[in-house]
Amino acid sequence: MEAIVLLVAAFLSATIYTKVLKHLLGGLKVGNGWTAPIKLVMWWAATELLVAWGGCIVWYGVGSRFDNILPFTTLSHIAIWTPLGYLSRIVGFYGLSGVFFMILMLGVVRDLRKYFVPTVSIIAIATFYAWGIYKTPSGPVAKAVVVSEHSPNDKLRDSIMPAEGSLVVFPEYAFNGLDDDVLISNARLRTSNPVAYFFIGSRLDFGPDEITNQLVAVDTSKDFVHKIKKSRFIPGGEYLPYAAIALLKAVKANDVIDNFQASRAVSVAKEVPKQMLLEYNDFKIGAGICSSIIAPEDYRLLAKNGANIFTNSAALEIFNRAKIYSWQHKSMARFMAIANARTFLQSANSGPSFGFDVNGKQLFFRDTTGTTELSVSLNKRRTIYSLYGEYLSVGGFAWMLLDFVKSIKKSKVLK
């Protein structure tokens, strides 16, 4: 099944890339003047978005959302580790990839080399501007503690002592088996100092009719627990895609489907991402669970709606030997931090816990069980990307459609 899924995804991606590149580069040979660099950026941004959305056919199911995309085949994973990454605050995720692609093409395509120096000069100025205007956070500095657990069986055993007013971030499933009363009494934390703080994690809740993965947050100064259903799921782990169900039915493996639905299928939330915004003192926390880290739109909307810091609680045991995924999801975290100018903190079990500041500087990295205490900068200023999202991709897609329509009409006239 894994091989079939990979083949279908690879075929869809290769088809989209091939068709768009052939048409794009074929048109540029004729010459588009100074619109050529712009076209390269916008068309490539739209192409990568199409590839990500095309893959939805493979992953789509009861537990997914319409924008349940997996943006793994993107040049942004490379660009975000360069100074060009600051430009993401203006051009977004796919726009950043488009700029990187455009620079490559201007250097490779002979007819376009005359645009290389002036275009790169403009990009350098824009990148310096994007870095300078957002480099200093507008909010206060606050205390945070990030818990890292080496594996599901290697839980944090020691007491932790968060400072007054701290934010404490736990991994996904850290609160499994703990009801609200236990969480309120702080049994999970076993702290030795009775101070007020705010802690976040998640748990699986096995109800009579459904299994839910809940983001759980507790303010220790109040007897109140925030519970929000997870809205981003892993295909094959928490739900079966329609394509997988069809394949299993075709080979008469209905018992596999029934067993999965009974033991592993998690009920999907209907909430929109802005409901993951949690407030505590100066913190306005944009909180995510696990696969939200590969959903940049979630964190963008959280920043747009007022989040001044991002967190992610992850369980990475199925990826603990996947070095490429580890690099990709760390790249996504760095993008989320830089593009939205927000500190990003990830707590994980069976994988790395880490943090990036508003300028993408790594604050810490830990892949062993323990706690990391930090002073984090809060920021309320919204970037252009936070406000307007992937406008270059949308514009590029509209441009692409218009160009295809014109080419079809032109071919009919010639016939």
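One N or O on the side chain of T369 and one on the backbone of D154 form a donor-acceptor pair closer than 3.5 Å. No donor-acceptor pair under 3.5 Å is formed between the side chain of S350 and the backbone N or O of A315. In this structure, R366 contributes its side chain and S353 its backbone to no donor-acceptor pair below 3.5 Å. Side-chain N or O atoms of D357 include none that pairs as donor or acceptor with a backbone N or O of V376 at under 3.5 Å. Without hydrogens or angle criteria, T127 side chain to L87 main chain gives no donor-acceptor distance under 3.5 Å. A distance-only check finds no donor-acceptor pair linking the side chain of S166 to the backbone of V168 [under 3.5 Å].
For F101, the ring pair (Phe, Tyr, Trp, His ring centres under 6.0 Å) partners two or more places apart in sequence, or in a different chain, are W44. By the side chain to side chain contact (heavy atoms under 4.5 Å, CB included) test, S393 pairs with A45, L49, Y94, E390, sequence neighbours left out. Taking F335 as the reference, F93, Y385 meet the ring pair (Phe, Tyr, Trp, His ring centres under 6.0 Å) condition, with sequence neighbours excluded.
Nearest heavy atoms, P352 versus H329: CG-CE1, 4.3 Å. Residue G201 comes nearest to S313 through the heavy atom pair CA-OG, 4.0 Å, listed as atom of the first residue, atom of the second, then distance. Residue R334 comes nearest to N359 through the heavy atom pair NH2-O, 4.4 Å, listed as atom of the first residue, atom of the second, then distance. A pairwise comparison of heavy atoms in E48 and L75 identifies OE2-N, 3.1 Å as the closest pair. Considering all non-hydrogen atoms of both residues, V358 and K135 come closest at CG2-O, 4.0 Å. Nearest approach of I338 to R89, heavy atoms of both residues: O-NE, 2.7 Å.
A side-chain donor from one of S138 and N379 sits under 3.5 Å from a side-chain acceptor of the other.
Other residues, nucleotides and ligands place more than 12 heavy atoms under 6.0 Å from the OH atom of Y17. Shown here is H150, whose NE2 atom has no more than 12 heavy atoms of other residues, nucleotides or ligands within 6.0 Å. Atom CZ of F283 has more than 12 neighbouring heavy atoms from other residues, nucleotides or ligands inside a 6.0 Å radius.
In this structure, the side chains of I228 and L278 come closer than 4.5 Å at one or more pairs of heavy atoms. Residues S292 and Y299 have side chains in contact (heavy-atom distance under 4.5 Å, counting atoms from C-beta outward).
With salt bridges taken as basic N to acidic carboxylate O contacts below 4.0 Å, one links R203 and D180.
Taking the six-membered ring where the residue is Trp, F354 and F365 present parallel rings, their angle staying beneath 30° rather than reaching 60°. Taking the six-membered ring where tryptophan is involved, the planes of F199 and F170 are perpendicular, since the angle between them exceeds 60° and thus also 30°.
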